[in-house]
Amino acid sequence: MAVQRFDSGPRLSRVVVHGDTVYVAGLTADKTAGQSVGAQTQEILTAIDGLLAKAGTDKSKLLQATVWLQDIRTVDEMNKVWDAWIAPGCAPARACIEARLQSPAKMVEIRVTAAK
């Protein structure tokens, strides 16, 4: 079975497609780094929409998601943005955990897997 890679570099591919499964790498905010968790979450989810589209799918086909927060106490702020974004009736299996991220300015990272 063929493997497709999108937005690939020497270290990682932002998207890998194997069969009917689409894997999106963990994404952090660039433009909104240092801003609120809500703003960073919105930027990341918009980027995920674009990457899923590039792979021929969308958020209604999410299977799994992992969310890492620099401070788990910001989960409610992140969830407000997440809940507004997720397709109704299509919530993936999700984990949300606290972790030290790349820098203090990057407060959230999200990785998803979707079906085609």
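Keep in mind the model is a prediction, meaning the values are calculated, not measured.
The side-chain heavy atoms of Pro92 and Ile86, taken from C-beta on, include a pair separated by under 4.5 Å. Between Leu101 and Trp68, some side-chain heavy-atom pair lies under the 4.5 Å cut-off. Within the 4.5 Å cutoff, no side-chain heavy atoms of Glu43 are placed close to those of Thr46. Taking the side chain as every heavy atom from C-beta outward, Glu98 and Gln70 never approach each other to under 4.5 Å. No side-chain heavy atom of Cys90 sits under 4.5 Å from any side-chain heavy atom of Leu62.
In terms of heavy-atom proximity, Gln40 sits nearest to Gly34 at NE2-N, 3.5 Å. Across every non-hydrogen atom of Val112 and Ala65, the tightest pair is CG1-CB, 3.9 Å. Counting all heavy atoms, side chain and backbone alike, Lys59 lies closest to Trp85 at NZ-O, 2.8 Å. Residues Asp58 and Leu52 share a closest heavy-atom pair of C-CD1, 3.8 Å. Across all their heavy atoms, Ile97 and Ile72 have their closest contact at C-CD1, 4.1 Å.
No donor-acceptor pair under 3.5 Å is formed between the side chain of Thr74 and the backbone N or O of Glu77. Panel note: side chain Thr113, backbone Leu63; no donor-acceptor pair is recorded below 3.5 Å.
Here Gln42 contributes atom CD and Gln35 contributes atom CD; the two are 12.0 Å apart, rounded to the nearest 0.5 Å. Within the model, atoms OG1 of Thr32 and NZ of Lys106 stand 9.0 Å from one another, a figure rounded to the nearest 0.5 Å. Atoms CE and CG, from Met78 and Asp83 in turn, are 8.0 Å apart once rounded to the nearest 0.5 Å. Interatomic distance, CG of Asn79 versus CG of Leu69, reported as 8.5 Å (0.5 Å rounding). Summarising the geometry, atom OG1 belonging to Thr41 is positioned 9.0 Å from atom CE belonging to Met107; distances are rounded to the nearest 0.5 Å.
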List, one per line, each side-chain donor-acceptor pair under 3.5 Å for residues 9-23, sequence neighbours excluded.
unit_1: Ser13; atom_1: OG; unit_2: Ser8; atom_2: OG; d: 2.7

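Environment of NZ in Lys116: crowded, with over 12 heavy atoms of neighbouring residues, nucleotides or ligands closer than 6.0 Å.
Paired with Ile110 under the rule side-chain contact (heavy atoms from CB on, under 4.5 Å), one option of Leu27, Leu45, Val24 passes, and it is Leu45.
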